[in-house]
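Notes to accompany the following structure.
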Amino acid sequence: MAEDQWLTYRERETSDDDFDRDLHTEHQILNMGPSHPATHGTVKFLIELDGESIVDLDIQVGYLHRGFEKECESGSWYQCIPYTDRLNYNSAILANLGFCLGVEKLLGLETPERCQWQRVMGSELSRLADHLTRCGAACLELAAMTPFLYGIQARELTWDLTEALCGARVTTNYIRIGGVKHDMPAGFPEQCRDHIARIRELLKDFDAVITANRIFIDRMRGTGVLDKERLIAFGVTGPLLRAAGVPLDVRKDEPYLTYAELDFDVPVGEVGDNYDRYLVCVEEMHQSLRIIEQCLERLEKLGPGPVNVLDPRVRWPAKGRVFNHMEELIQQFKAVTEGPMVPAGEAYSVVESANGELGFYLVSDGSAVPVKVRCRPPSLLNLQPMPEMLKGCLLADIIPTFDFVNMIGGECDR
C-alpha cells in the first residue's frame, strides 16, 4: 500500500464520525422493576439513559390487581370498610375515615363529639406511622441503617398505641359508619403520653443522625425538583405540594371532624426538592404529636359518653348488648344479613391523608349495596409528574424521589 494511501486510510479511521461510532454512545433502555426492592413490588420504571443521566422515564403502574372499587360494589356498605384498610397499609384509619364520612353524608348523620375526637386521634396516629415509614425507608434505601431503626422503633410505638385503641396494628378496621369500633380503654391516655415522650426522643435521635448529614443532604438537596405551578397542574397534593411552598391542607382549608378547634401548623418548604419533602414530613410528625395530645386532653375533659350514633338501623349494636338482649340480637342479625339501607343519592368526601387529598365518590340507589365507589388516590396523582422531576437527573436520584413520592400500590389499584 502506498504511503499516501495509508495516510488517507488512517485519517479516515480517526474522523469524528468514526470516533463517535466506536464509543457506542446510543442511549441505554433499562427496565427497573416491578420485581425490584426499590420499586416496592408494584411499579415498573422504563428508563432511557445517557450514561447515568436520565433522558426519559416511563412509569408503569398496574402490577397489583385487587379491584378495590368493584369489590366494594359487590358487598354491603359495611363490607367496604376492610377493603379501605388495604388502600394504604401504613395509614388504614385515614382511609376508613374518608369512606365512612361519605356514607354518613348520604345518611345525613352527625357523630357524637367524643367519637369525633377519637377519630382525629386515630387519624393522626396513622399519619405519624405513615411518615415514619416513609422517612425511615428512604434512609434505608440510601444505605443509612441507623436512622431507619430509629424510625421503625418509633413506628412500633405508634402501632402499639393503635393496637391499644382498636385491637389491630396495621389493617385496623377501626372506623364504623356512625362511630368507631369502641371507646378507648381506661389506661390509654397514660400509655399514649408515655409513648409520645419516647417517640419525641427517637425523632430527636433521627434528626441528629440524618438531617445535617453531608451525604444525606447531597443525595436529597436539588434532586426531584418540580415547581408548584407544575405540581398544581398535575393535581398533586399533600407533602409534595407543601414542600414547594403551597400551604394546602384539607384539615385547615376545609376542616372536618374537630380539626377547626385544634392548634397546629402546616409546614411548607421553599424549593420543592426531596430535602424539602423530608423536612416537611418530619415537621408534620411533630404536629401530629401535638394534635394527639390535644385530643387526649379534650377527651378527658368530656368524660364518658357515646362514641356511636344510637340509630340501630345504621350502627351495629355492641357485642355486650347483642349477647344479653334479644332485640339487639335481632338487629345484629338483620344488619349483618341485609346491611343498612343508605338513601339514594351521591356524595363526595375528602380527608387529608399522609400522601395528600384522599377522596371517595359514592353513589347509592337506596339499597344496602353501593352502586358506585370511586376513590381519588393521592398516590396515583402524585406519581404522574415524577418523569418531569427526574429528567436530566442521575439514575441514583430515582430512589430518594420515589421514596418521598411514597407511592402505595393499593391506592393505585384499578
Side-chain angles (χ1 to χ4, degrees), residues 37-38 40 52 54 90-91 124 127-158 195-228 231 236 238-247 249 264-293 354-356 382 386 389-390 392-407:
H40 307 167
E52 290 193 29
I54 299 171
N90 285 320
S91 50
E124 295 307 315
R127 190 183 321 279
L128 182 61
D130 198 303
H131 282 346
L132 286 167
T133 306
R134 178 194 321 223
C135 295
C139 293
L140 177 66
E141 292 179 8
L142 295 177
M145 186 69 178
T146 300
F148 167 73
L149 294 176
Y150 290 147
I152 295 306
Q153 185 179 354
R155 189 187 69 178
E156 286 299 307
L157 293 171
T158 305
H195 279 38
I196 285 175
R198 178 60 183 142
I199 290 169
R200 284 200 170 105
E201 290 177 4
L202 288 165
L203 286 175
K204 186 177 179 181
D205 292 339
F206 189 93
D207 176 72
V209 171
I210 207 70
T211 303
N213 184 288
R214 185 73 261 163
I215 298 173
F216 183 77
I217 292 174
D218 289 344
R219 291 295 302 273
M220 302 291 284
R221 184 168 288 169
T223 62
V225 182
L226 198 61
D227 61 66
K228 59 185 178 184
L231 291 171
V236 172
L240 267 68
L241 184 60
R242 291 192 284 273
V246 181
D249 191 312
F264 67 99
D265 300 319
V266 177
V268 294
E270 297 177 355
V271 180
D273 60 3
N274 288 323
Y275 192 65
D276 268 356
R277 292 163 193 158
Y278 160 76
L279 294 175
V280 165
C281 287
V282 169
E283 182 56 32
E284 285 190 4
M285 287 191 273
H286 288 288
Q287 297 302 318
S288 290
L289 292 173
R290 284 180 62 194
I291 293 173
I292 294 167
E293 288 175 327
N355 285 337
N382 292 355
M386 193 171 160
M389 296 178 188
L390 288 168
C393 295
L394 297 176
L395 177 63
D397 295 332
I398 289 179
I399 304 301
T401 305
F402 186 58
D403 278 328
F404 280 94
V405 167
N406 198 33
M407 190 280 291

Test salt bridge (Lys or Arg N to Asp or Glu O under 4.0 Å) on Glu201 and Lys204; report intermediate values, then the result. CA-CA 5 Å; Glu201 290 177 4; Lys204 186 177 179 181; over 6 Å; no
Walk me through it: do Met386 and Met407 pass the test side chain to side chain contact (heavy atoms under 4.5 Å, CB included)? CA-CA 11 Å; Met386 193 171 160; Met407 190 280 291; over 6 Å; no
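Dense packing is recorded around CG of Leu394, with more than 12 heavy atoms of other residues, nucleotides or ligands lying under 6.0 Å away.
Proximity of a side-chain donor or acceptor of Arg219 to a complementary backbone N or O of Ile399 within less than 3.5 Å is not detected. Judged purely by atom type and a 3.5 angstrom limit, Glu52 has no side-chain atom pairing as donor or acceptor with the backbone of Leu395. Looking only at distances, no side-chain donor or acceptor of Arg221 sits under 3.5 Å from a matching main-chain atom of Asn274. Arg134 places a side-chain N or O within donor-acceptor distance of the main-chain N or O of Phe404, the cut-off being under 3.5 Å. Using modelled atom types, one side-chain atom of Tyr275 and one backbone atom of Thr211 make a donor-acceptor pair closer than 3.5 Å. Side-chain atoms of Asn406 never come within 3.5 Å of backbone atoms of Asn355 as a donor-acceptor pair (strictly under, hydrogens ignored). Remark: the backbone N or O of Val405 is not paired with any side-chain donor or acceptor of Asn382 at under 3.5 angstrom. Side-chain atoms of Arg155 never come within 3.5 Å of backbone atoms of Gly136 as a donor-acceptor pair (strictly under, hydrogens ignored).
Closest approach of Arg277 to Gly272, counting heavy atoms only: NH2-O, 3.0 Å. The minimum heavy-atom distance between Phe206 and Gly151, with the atom names listed, is CD1-N, 4.2 Å. When all heavy atoms of Pro239 and His131 are compared, the pair lying nearest together is CG-CE1, 4.0 Å. For the residue pair Asn90 and Ala129, the shortest heavy atom distance occurs at O-CB, 3.9 Å. The two residues Leu231 and Ala244 come nearest to each other via the heavy atoms CD1-CB, 3.6 Å. Contact detail for Leu289 and Leu128: the closest heavy-atom pair is CD2-CD2, 3.6 Å.
A donor atom on one side chain and an acceptor atom on the other are not found under 3.5 Å apart for Thr401 and Asp397.
Applying the side-chain hydrogen bond (donor to acceptor under 3.5 Å, both in side chains) rule to Arg127 yields the partners Glu124; only residues at least two apart in sequence or on another chain are considered. In terms of the salt bridge (charged side-chain N to carboxylate O under 4.0 Å, His left out) criterion, Asp227 has no residue partners (sequence neighbours excluded).
A cation-pi arrangement, defined by a distance under 6.0 Å to the six-membered ring centre and an angle within 45 degrees of its axis, is absent between Arg290 and Phe264.
Partner of Met285 under the side-chain contact (heavy atoms from CB on, under 4.5 Å) criterion, chosen from Leu132, Thr158, Asp130, Ile199: Leu132.
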